[in-house]
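This report refers to the structure that appears directly beneath it.
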Amino acid sequence: MKQRIFASLHNFFEGKQFLGRNVACESFLKALLQHDPFEAYHFFLHDPQALICQLENLAQLSACQRNAVHCHPRQHFVAAMQSNELYCLHLADPVSDQPQAAYLRNRFSKQIFPITSLPHSLNYLDYPGAFLRQIWPGACCRDIICATSKAAMAVLDGYFQKLRSNYCLPASWGQPRLRLLPLGIDTESFRPANAAERRNAREKLKIPEKAICCLCHGRLAVDDKMDLLPLLYAVRRVLDEKEAPCLHIVVSGSKRTLDNYPDVLTSLARSLQIPMTLITDPDAQKKQELFHSADLFLSLSDNIQETFGLTLLEAGASGLASIVSDWDGYRDIVEDGESGLRIPTLAPRETPYLNALAYGLPENIHELLRAQQTVIDVRCLALAISRLAHDHALRRAMGAKARKRTCAVYDWSVILQNWLTILAEAYACPLSADDVTRLRHAEHPAFLNIAELFAQHSSFCPDLAALGQCQVTLSTRGKQVLQKKAVPVTWNNLELCLQGFDIRKLLVLARHQTPIASLLHKLCGSDISEESGQFAILWALKHDLLELLQTPYKP
């Protein structure tokens with residue numbers, strides 16, 4: 001069986017900041033290496049050592065145990081494509097490196113392998129430029145962007161349609177295909193609490209035994225996550241009912257330094273006389289206790305940076321019914337009336353002033369202004385909380401359905417198999433010999449001829465034919481190197497352009513005056529390109545191993 005090699009240009013461990021993207025990327029990599037569907041895993045990175053250090057903590061994973069994970073400098077990527085048949089390349093997002101990777105694949109790879117990526121946010125104002133670069137003559141049916149939700153799919157499709165129309169791009173230019181691929185979760189790491197775990201967790205959090213604990217867990221940020229003030233207003237409505245349930249709200253998540261948002265929540269809860277516990281920056285154990293203590297999960301996303309909702313998977317795997325905003329990927333995860341309740345949202349379609357103003361704002365302020373005109377129906381939210389708070393049997397039934405659905409649809413084993421199916425479908429997409437030839441020679445409109453662009457920087461910038469007419473001979477230092485009385489100083493990575501060029505043979509042939517064209521003819525062949533020869537000769541001139549007999553410029 002042909003070896004299947006997974007490759008990536010990205011380190012999926014992206015730092016300590018607690019963001020959904022970081023959690024999703026790390027959990028994908030851990031699941032990939034544990035389920036281990038490939039023979040080998042090769043990462044071509046700007047900082048390979050960073051991933052190597054992270055992998056030391058993952059030694060128990062299947063792929064790591066059999067030493068199948070390899071980290072390389074980014075500059076080794078092209079050579080790897082030339083010497084190995086990569087099965088696929090997967091990127092942590094589509095806006096970093098996907099067009100570049102496709103261009104390199106087309107030029108250097110043995111086969112046109114699939115390139116997949118998965119965006120975690122779609123709202124940043126520089127993204128149209130990034131997606132514009134995805135539309136070019138060398139994009140093909142094996143270039144794929146995986147959307148985490150149906151709403152994200154619609155946004156991506158909108159990007160490509162608008163860009164094609166606004167820039168009048170030819171229909172013949174390709175673009176990545178869009179495929180639906182949600183994020184996943186390890187359903188064994190999150191499971192329903194037993195009676196003892198629930199009791200112990202609630203005792204630690206000092207939640208009254210008879211209280212209905214409503215957990216809202218997620219990053220604590222009003223500008224780029226969610227505004228929880230409407231939740232507190234809704235809870236106050238519930239507490240004002242004649243037969244009000246005993247509620248206890250628990251809000252938890254990562255807190256930004258110097259951000260007063262958690263303090264505002266605490267102050268308003270106190271003012272509204274709402275029993276609320278605020279937990280900032282919980283570690284993994286504390287997070288598990290939070291889910292064990294809860295009777296109900298709440299998440300009211302109102303922000304366009306959200307595309308999915310990982311915490312909803314954590315709640316579902318924990319066997320909790322959820323009350324969520326009917327917003328983006330949330331509606332894919334929570335089946336209204338089955339595994340939870342969705343609260344209607346309202347947002348404007350026409351915002352011409354804000355559309356323009358956004359380009360003069362920091363991203364988070366733009367997101368805040370969008371979110372503050374996204375309405376989550378407070379009356380419906382209060383009714384939903386009251387309904388599930390009063391109905392223990394309904395909560396349990398919804399929680400059981402949430403657990404069942406999460407395991408069946410979102411467990412990493414399922415998501416990875418869906419991704420492998422997408423890869424298989426990409427290979428099933430036919431590419432004729434003519435198609436491959438076209439891709440091999442396709443030029444990207446944004447990838448310019450850099451040497452030509454900067455031609456005015458040097459005194460003399462000849463093409464290869466003009467350079468070939470120049471006469472060179474061995475310099476005094478070149479003779480010393482040839483006689484092994486001196487050693488040339490070289491720098492790392494020169495081999496990327498020298499491509500095995502024999503510098504010593506060059507010096508031997510240049511002992512007598514000779515045109516550069518003659519040297520290239522003698523030194524270059526099927527294995528050595530003329531460009532490599534040109535590089536070697538110019539490098540030798542630069543380092544005083546050769547000298548020009550007749551300079552084409554004034555010294």
Side-chain angles (χ1 to χ4, degrees), residues 3-15 19 21-58 61-64 66-120 130 133-134 139 142-148 176 179 181 183-184 412 415-424 426-427:
Q3 187 181 40
R4 296 203 311 174
I5 300 175
F6 167 94
S8 183
L9 303 180
H10 292 167
N11 179 348
F12 288 80
F13 289 88
E14 300 189 343
L19 298 173
R21 173 193 169 107
N22 299 42
V23 174
C25 287
E26 290 181 22
S27 60
F28 165 79
L29 183 59
K30 291 176 182 178
L32 177 69
L33 299 182
Q34 180 56 39
H35 290 276
D36 198 10
F38 298 99
E39 278 76 16
Y41 305 81
H42 290 264
F43 295 85
F44 302 90
L45 309 170
H46 293 300
D47 183 8
Q49 192 59 39
L51 181 56
I52 291 171
C53 292
Q54 293 289 351
L55 291 173
E56 291 176 357
N57 301 320
L58 305 177
L61 300 181
S62 173
C64 297
R66 58 187 187 83
N67 298 317
V69 184
H70 309 278
C71 300
H72 314 274
R74 173 68 73 91
Q75 57 266 34
H76 292 179
F77 177 51
V78 168
M81 287 191 292
Q82 292 173 322
S83 59
N84 300 288
E85 289 195 8
L86 303 184
Y87 182 77
C88 68
L89 181 80
H90 182 66
L91 303 173
D93 68 68
V95 297
S96 303
D97 302 314
Q98 189 158 359
Q100 295 90 325
Y103 179 80
L104 292 172
R105 174 203 61 194
N106 293 354
R107 284 298 178 95
F108 299 110
S109 177
K110 287 185 174 183
Q111 65 174 350
I112 306 297
F113 54 79
I115 299 176
T116 60
S117 64
L118 191 147
H120 300 275
R133 290 193 294 275
Q134 302 269 12
R142 293 182 183 174
D143 298 319
I144 298 165
I145 297 177
C146 299
T148 58
R179 289 293 180 267
L181 185 72
L183 300 177
W412 270 121
I415 300 301
L416 287 174
Q417 186 55 55
N418 291 344
W419 175 56
L420 293 173
T421 299
I422 290 173
L423 293 176
Y427 272 109

Q: Give a yes or no on whether the backbone of C25 and the side-chain of H10 come within a donor-acceptor separation of less than 3.5 Å.
A: no
**Q.** Shortest non-hydrogen contact from A31 toward L416
**A.** O-CD1, 3.6 Å
Q: Report yes if some heavy atom in the side chain of R21 is under 4.5 Å from a heavy atom in the side chain of D93; otherwise report no.
A: yes
Q) Just by modelled atom types, is the N106 backbone N or O under 3.5 Å from a matching donor or acceptor in the S109 side chain? A) no
Q | Separation between CD1 of I422 and CG of L181, rounded to the nearest 0.5 Å | A | 4.5 Å
Q. What heavy-atom pair brings F38 and C88 nearest, and what distance separates the two atoms?
A. CZ-SG, 3.9 Å
Q.
The test is ring-ring contact (aromatic ring centres under 6.0 Å, His included); show your working for Y427 and Y87 and say whether it passes.
A. CA-CA 10 Å; Y427 272 109; Y87 182 77; 4.9 Å; yes
**Q.** Considering all heavy atoms, the nearest R66-E39 contact
**A.** NH1-O, 3.0 Å
(Q) My understanding is that only one of R179, H90, Q98 makes a side-chain hydrogen bond (donor to acceptor under 3.5 Å, both in side chains) with T116; could you say which? (A) H90
Q) L86 versus H42: any side-chain heavy-atom pair under 4.5 Å? A) no
Q: Check the pair L29, V69 against side chain to side chain contact (heavy atoms under 4.5 Å, CB included), reporting the backbone distance first and the verdict last.
A: CA-CA 11 Å; L29 183 59; V69 184; over 6 Å; no
Q | Derivation of the side chain to side chain contact (heavy atoms under 4.5 Å, CB included) call for H35 and L420 | A | CA-CA 12 Å; H35 290 276; L420 293 173; over 6 Å; no
**Q.** Interatomic spacing from CG in N11 to CD in Q49 - rounded to 0.5 Å
**A.** 11.5 Å
Q | Separation between NE2 of H70 and CD1 of I52, rounded to the nearest 0.5 Å | A | 11.5 Å
Q. Which of parallel (below 30°), tilted (30 to 60°) and perpendicular (above 60°) describes Y41 and F6?
A. tilted
(Q) Taking V78's backbone N and O only, do any of them form a donor-acceptor pair with R107's side chain (distance below 3.5 Å, no angle check)? (A) no
(Q) As a quick check of understanding, evaluate side chain to side chain contact (heavy atoms under 4.5 Å, CB included) for F43 and S8, giving each step before the final call. (A) CA-CA 5 Å; F43 295 85; S8 183; 3.9 Å; yes
Q: Report the distance from atom CE of M81 to atom NZ of K110, rounding to the nearest 0.5 Å.
A: 12.5 Å
Q. According to the interplanar angle, ranging from 0 to 90°, do the rings of H72 and H76 count as parallel (below 30°), tilted (30 to 60°) or perpendicular (above 60°)?
A. tilted
Q | Non-hydrogen side-chain atoms of L89 and L9 separated by less than 4.5 Å | A | yes
Q. Taking side chain as C-beta onward, heavy atoms only, is I5 less than 4.5 Å from E85?
A. no
Q: Please report the shortest heavy-atom distance between W412 and S27, naming the atom on each side.
A: CZ2-OG, 3.5 Å
**Q.** Heavy-atom pair of closest approach, residues L55 and C64
**A.** CD2-SG, 4.3 Å
Q.
Within the 4.5 Å heavy-atom criterion, are L32 and W419 side-chain neighbours or not?
A. yes
Q: Ignoring hydrogens and angles, tell me if any N or O in the side chain of E26 forms a donor-acceptor pair with the backbone of F13 under 3.5 Å.
A: no
Q | L423 CG to I144 CD1 distance, which is reported to the nearest 0.5 Å | A | 6.5 Å
Q.
With heavy-atom distances below 4.5 Å as the criterion, would you say the side chains of I145 and P119 are in contact?
A. yes
Q: Taking all heavy atoms of P94 and all of L118, pick out the closest pair and write down the distance.
A: CD-C, 3.9 Å
Q: Under the salt bridge (charged side-chain N to carboxylate O under 4.0 Å, His left out) rule, collect the residues that match up with R142, sequence neighbours excluded.
A: none
